[in-house]
Amino acid sequence: EIGWQEVLTAGYLEMSTYEIEDKDLKAGFVETQKILYAGKLQSLIENTNCLNIGHFSDKGELQGYMLGYVVKEHKTQDKKIYIRDFIVEEKIRGKKIGSKLITEMLQRIASDPKLRQLPLVMDCRRETSYPIIKKYAKNFGIELVRDEELEDGLVRVEIQLNKAVRALAV
């Protein structure tokens, strides 16, 4: 689990991943800080697993993360898990760190009776994360039930956990 201590590192990873030119780390810092606090607070209030997950090097350095939290759909008031960020440091990509983060997220969701029935929603980059999610969905025991083109090269996907993932419940 990652918390407020990793805000600067998470901001740096986001900047370097998306090639944001902000030497003061202002761009993603405040947003990431809000998400980390809100996600943790929500999990405490709702008594659910926290969905802010990090991968750390042997030296304790944050190298990748996934941030998720429960949202209510404005029109329907239906609850969904929104995966806000999913980043792996560029120099360690291809070493299955992303797979480990996804597996950890799915295990946390599957082992929580309140979370495991909820669909997941994620805004993916059309050229990078969207093809990866589509390609590996079955490997992770998830099913893409809907996708929608958004602006700025994003695709919003709705993901449902299948029975195999729900069986991970501890």
Side-chain angles (χ1 to χ4, degrees), residues 1-3 6-7 10-11 13-14 17-18 20 27-55 64-88 93 97-169:
E1 184 172 312
I2 64 174
E6 285 81 36
V7 169
L13 282 176
E14 186 168 359
T17 298
Y18 300 122
I20 299 168
F29 177 75
V30 174
E31 188 72 20
T32 302
Q33 186 176 30
K34 287 178 186 177
I35 292 164
L36 286 169
Y37 284 129
K40 181 62 176 179
L41 184 60
Q42 181 186 45
S43 70
L44 292 171
I45 291 169
E46 298 285 333
N47 196 27
T48 58
N49 289 335
C50 184
L51 300 178
N52 294 332
I53 301 165
H55 174 79
Y65 62 88
M66 275 185 97
L67 305 179
Y69 49 89
V70 177
V71 297
K72 278 188 183 178
E73 181 100 13
H74 180 68
K75 293 177 185 175
T76 64
Q77 295 297 299
D78 291 340
K79 288 184 175 183
K80 296 180 178 187
I81 298 168
Y82 182 67
I83 306 300
R84 170 61 174 77
D85 272 333
F86 177 28
I87 293 176
V88 175
R93 290 184 190 154
I97 304 303
S99 294
K100 290 177 185 177
L101 289 167
I102 291 170
T103 300
E104 174 69 20
M105 177 72 75
L106 293 175
Q107 286 175 339
R108 287 184 186 202
I109 292 167
S111 66
D112 189 305
K114 292 180 182 177
L115 298 177
R116 79 180 101 166
Q117 302 304 319
L118 300 177
L120 286 80
V121 177
M122 181 177 182
D123 293 347
C124 304
R125 290 195 169 19
R126 186 181 306 113
E127 303 300 320
T128 55
S129 52
Y130 181 59
I132 293 169
I133 294 291
K134 283 180 67 171
K135 181 178 179 180
Y136 294 106
K138 287 184 182 177
N139 294 0
F140 290 112
I142 58 177
E143 173 185 352
L144 273 66
V145 293
R146 187 169 65 99
D147 56 6
E148 170 188 356
E149 291 281 332
L150 303 175
E151 296 177 4
D152 300 328
L154 296 176
V155 178
R156 176 164 292 154
V157 296
E158 186 167 323
I159 300 164
Q160 186 70 48
L161 278 63
N162 70 22
K163 292 176 186 173
V165 173
R166 288 192 185 122
L168 291 172

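FYI, side chains are in, hydrogens and waters are out, and symmetry mates aren't considered; it's all heavy atoms of this structure.
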Report task. Give the intermediate values and the outcome of side-chain contact (heavy atoms from CB on, under 4.5 Å) for residues Val71 and Val121. Result -> CA-CA 10 Å; Val71 297; Val121 177; over 6 Å; no

Query - By side-chain hydrogen bond (donor to acceptor under 3.5 Å, both in side chains) - contacts of Glu149 (at least two apart) - result: Arg126

Query raised in the report: Who pairs with Asp123 by side-chain hydrogen bond (donor to acceptor under 3.5 Å, both in side chains), at least two apart in sequence or on another chain?
Result: Tyr82, Arg156

**Report entry** Residue pairs involving residues 41-50 (criterion salt bridge (Lys or Arg N to Asp or Glu O under 4.0 Å); sequence neighbours excluded)
**Finding:** Glu46-Lys79

Query raised in the report: Between Arg125 and Gly153, is there a donor-acceptor pair closer than 3.5 Å when you use the side chain of the first and the backbone of the second?
Result: no

**Report entry** Distance, nearest 0.5 Å, that separates CE of Met105 from CG of Asn49
**Finding:** 10.5 Å

Query - Separation between CD of Glu143 and CD of Glu158, rounded to the nearest 0.5 Å - result: 10.5 Å

Query raised in the report: Can you name the ring pair (Phe, Tyr, Trp, His ring centres under 6.0 Å) partners of Tyr130, sequence neighbours left out?
Result: none

**Report entry** Any side-chain heavy-atom pair of Ile142 and Leu120 under 4.5 Å
**Finding:** no

Query - Lys114 backbone acceptor or donor facing Gln117 side chain under 3.5 Å - result: no

Report task. Please name the pair of heavy atoms, one in Asp112 and one in Asn47, separated by the smallest distance, quoted to 0.1 Å. Result -> OD2-O, 4.4 Å

Report task. Can you see which heavy atom on Leu101 is nearest to which on Gly54, and at what distance? Result -> CD2-C, 3.9 Å

Requested in this report: Name all residues meeting the side-chain hydrogen bond (donor to acceptor under 3.5 Å, both in side chains) criterion together with Gln42; count only those two or more places apart in sequence or in a different chain, and write none if there are none.
Outcome: none

Query - Chi angles and distances behind the side-chain contact (heavy atoms from CB on, under 4.5 Å) call for Ile159, Ile83 - result: CA-CA 10 Å; Ile159 300 164; Ile83 306 300; over 6 Å; no

Query - Heavy-atom check, side chain of Thr48 versus side chain of Val70, under 4.5 Å - result: no

Requested in this report: Nearest 0.5 Å please: distance from the CZ atom of Arg84 over to the CE atom of Met66.
Outcome: 12.5 Å

Query - Residues Leu51, Ile81; criterion side-chain contact (heavy atoms from CB on, under 4.5 Å); working and verdict - result: CA-CA 9 Å; Leu51 300 178; Ile81 298 168; 3.6 Å; yes

Query raised in the report: Of all heavy-atom pairs between Gln160 and Val145, which one has the smallest distance, and what is that distance?
Result: CB-CG1, 3.9 Å

Query - Sub-4.5 Å side-chain heavy-atom contact between Tyr69 and Leu67 - result: no

Report task. Please check if the side chain of Asn52 supplies one atom and the backbone of Leu36 the other of a donor-acceptor pair under 3.5 Å. Result -> yes

Query raised in the report: Does Arg108 pair with Glu104 as a salt bridge, N-O distance under 4.0 Å?
Result: yes

Requested in this report: Return the set of residues passing side-chain hydrogen bond (donor to acceptor under 3.5 Å, both in side chains) with Lys40 (not counting sequence neighbours), or none when no residue passes.
Outcome: Glu1

**Report entry** Closest non-hydrogen atom pair between Leu106 and Phe140, with its separation
**Finding:** CD1-O, 3.4 Å

